[in-house]
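Atoms within each ligand, like the ligands themselves, are counted from 1 in listed order.
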Amino acid sequence: MDSKHIAAFSSILGDGSRVLTRPQLVEQLSRDFYWYSPVLRKQLDGKTGDLVVQPLNVAEIQDLLRYCHAHDLPVTVRGAGTGNYGQAVPLQGGVVLDLALMDRVEAIEPEGVAVCQPGARLGVIENEARKTGWELRCYPSTIVKASVGGFLGGGSGGIGSVAHGNLRDFQTVRAIEVVTMEAEPRVVKHEGEAVHDILHAWGTNGVISRIWLALAPAVEWSQCAVAFATFESAYDFSERIATEDRWTKRLVTTFEWPIPSFFTPIKQYAPEGQALIFFMIASKQRSELAEAAREAGGNVSYAGHYAGLATRPLLSDYTWNHTTLWAIRADEAYTYLQCGFDPQTVREQMKSLRERFGQEILFHMEFMKMGDGVVIPGAIPLVYFKSEERLNEMIAFCREIGVFVANPHVNNVEGGGRYRADNVQLLAKKRYDPKGLLNPGKMITFESDAHAGATPTGAARK
Ligand code: FAD
């Protein structure tokens, strides 16, 4: 990047140490976990920003964006870089806007709303909330590292979703403040339905600068692992606990064998050849759950009190997309899909997939409450990757038999399966980023304003 820009950024921030130009560091801060996907690996390896800037407050974000707008510099926002689809990887170089230093939890309001800066780590919000009797409604298994801005920008749900739905449900995201990419960047607050303009838009239509996140009353939790001789009996039991209202749960995850064999640090809880379920259950229901599991033919291989994120073992470290990480460690050929099965026909759907693809697909089920209150079997199945064609065949087959797939092997908002059909994210991009400078190339239905003189996917690299 032209040295005049580097000097300008140092002068805007009044602190050259927050303008990072060392190539190794810039490369590192331009990456995320896209390498989970052999398809994205081919597309994104080697993509990097030109420099990283680290603002401390909203006024500095505005100043930086004003400069980038004036000079047609692409800007890619970064939280903690734990996204899986290359969401935070700059496709056209330019500036990486790293919000890690804007990490304050400003308030836990008495009615259970956390007010946070975007770089606040989810684990810190959880710990702060629990001090006053609240906790996160849902969080990714990357809770310790991930930022709340990145969760809203690129994530969807996780632990807690079985009871409280995903981020998009039940007004969990109460309000979002964004900074726009215009000649004179504005700070705009989105509340109620309008939060969906910004949610899961991968930082393409505004820089989230403050978040109001609804919390749930804190519960005293326990963790439990239950093994079953067959996946069918494990699935039946997990479905029962996930769907019956009387159980207070935060996590219900079911793995077929050999997935538990990948969890090397906790292999003593994974009996050879058996399916396994991991639960976070209210402590007051722990013995009742154990009893119900035994009656259903299960064997409780681990049970213990949950004392927060430092608890060991922390069963959530093996769930959601952490499962894929353990599998890749065991065999690099593993990758994954993100699915939603039909609660009525899930067994037939799984049977059809097994018949067609054999052990190329391994079932890892996660339950989530949808916005209508119905708990559905979601899944992050492991896929033994053979070729892109075979992967696409599996995705097409899933869709043919009614299994929803949010494709994690594409690098654009629209292709990922969580794009809003009413185009609200695109409409917000047109309003807030008319030149197409924010994370260019990631919202492919966007065409920049011809009068602004930018190319269809954003400005040319400077
Ligand atoms: P980043 O990766 O930094 O950013 C994600 C996206 O949001 C990018 O497009 C970025 O440009 C944009 N963004 C970041 N900050 C802002 C901002 N302030 N304004 C606008 N846009 C912004 N996800 C889940 O939903 N559930 C899971 O259970 C889950 N498990 C995971 C397990 C593993 C092992 C891994 C590697 C990933 C997992 N993920 C999961 C994905 C990811 O960890 C989460 O979505 C996480 O919340 C992303 O936060 P981050 O700070 O790392 O975001």
Side-chain angles (χ1 to χ4, degrees), residues 29-37 49 55 58 61 65 74-91 96-100 102-103 116-123 125 136 138-162 166-168 176-181 190 197-211 251 253 316-329 336 338 364 366 368 378 380 406 408 411-413 416 418 425 428-429 432-433 438-443:
L29 292 171
S30 298
R31 286 171 66 86
D32 63 11
F33 282 70
Y34 70 83
W35 50 265
Y36 263 44
S37 161
V58 176
I61 297 180
L65 295 192
V75 174
T76 304
V77 194
R78 180 183 181 85
T82 68
N84 289 116
Y85 332 122
Q87 294 128 303
V89 176
L91 297 181
V96 173
L97 184 69
D98 178 7
L99 298 181
M102 289 180 64
D103 63 351
C116 314
Q117 290 189 322
R121 305 240 168 182
L122 290 164
I125 303 172
L136 290 171
C138 67
Y139 58 85
S141 53
T142 46
I143 177 169
V144 174
K145 269 181 97 179
S147 74
V148 62
F151 190 33
L152 267 57
S156 53
I159 294 108
S161 290
V162 61
N166 286 320
L167 273 180
R168 61 178 172 270
I176 306 176
E177 189 184 84
V178 276
V179 184
T180 65
M181 178 55 124
H190 284 238
D197 299 357
I198 307 298
L199 266 186
H200 208 80
W202 297 19
T204 58
N205 62 12
V207 177
I208 299 171
S209 51
R210 181 173 284 136
I211 292 142
L251 183 69
T253 309
S316 62
D317 275 353
Y318 301 86
T319 65
W320 290 86
N321 228 339
H322 265 78
T323 310
T324 317
L325 192 57
W326 290 105
I328 293 172
R329 277 188 193 165
Y336 71 117
Q338 298 180 148
H364 155 207
E366 297 284 357
M368 330 184 245
I380 312 183
N411 187 234
N412 56 72
V413 185
R418 306 208 193 276
Q425 295 139 316
K429 183 161 178 79
Y432 295 164
D433 180 27
L438 288 177
N439 212 351
K442 302 287 175 62
M443 193 182 279

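At least one N or O atom of A80, backbone or side chain, sits closer than 3.5 Å to an N or O atom of ligand 1. Considering backbone and side-chain N/O atoms, Y36 never comes within less than 3.5 Å of an N/O atom of ligand 1. Where the criterion is an N or O separation shorter than 3.5 Å, residue side chain and backbone included, L99 fails it with respect to ligand 1. On a distance-only criterion, G81 and ligand 1 share at least one N/O pair closer than 3.5 Å. Here's the thing with G157: one of its N/O atoms is less than 3.5 angstrom from an N/O atom of ligand 1. Taking any N or O of W320, backbone or side chain, none lies under 3.5 Å from an N or O belonging to ligand 1. Polar contact with ligand 1: present for Q87 (N/O pair, distance under 3.5 Å). Note: an N/O pair closer than 3.5 Å links T82 and ligand 1 by distance alone. For ligand 1, the polar-atom distance check finds no N/O of G158 at less than 3.5 Å from any of the ligand's N/O atoms. Taking any N or O of R78, backbone or side chain, none lies under 3.5 Å from an N or O belonging to ligand 1.
S147 places a side-chain N or O within 3.5 Å of a backbone atom of G150 that can act as its donor or acceptor partner. With hydrogens and angles disregarded, a donor-acceptor distance shorter than 3.5 Å links the side chain of S30 to the backbone of G49.
Looking at atom 21 (N) of ligand 1, its nearest protein heavy atom turns out to be G203 CA, 3.2 Å. Nearest protein heavy-atom neighbour of atom 10 (C) of ligand 1: V77 O, 3.2 Å. When only non-hydrogen protein atoms are considered, atom 35 (C) of ligand 1 lies nearest to T142 CG2, 3.5 Å.
Proximity of N439 to V77: side-chain heavy atoms (C-beta onward) are nowhere separated by under 4.5 Å. For the pair N321/Y36, a side-chain contact is recorded, criterion being any heavy-atom separation below 4.5 Å from C-beta on.
Counting atoms of ligand 1 from 1 in the listed order, those under 4.0 Å from a heavy atom of G155 are 25 (O), 45 (O).
Residue contact annotation: D32 has no non-hydrogen atom under 4.0 Å from ligand 1. Under the 4.0 angstrom criterion for non-hydrogen atoms, G119 is not in contact with ligand 1. At a 4.0 Å cut-off, not a single heavy atom of T76 sits close enough to ligand 1 to count as contact.
Only the side chain of P118 comes within contact range of ligand 1, with a heavy atom under 4.0 Å; no backbone atom does.
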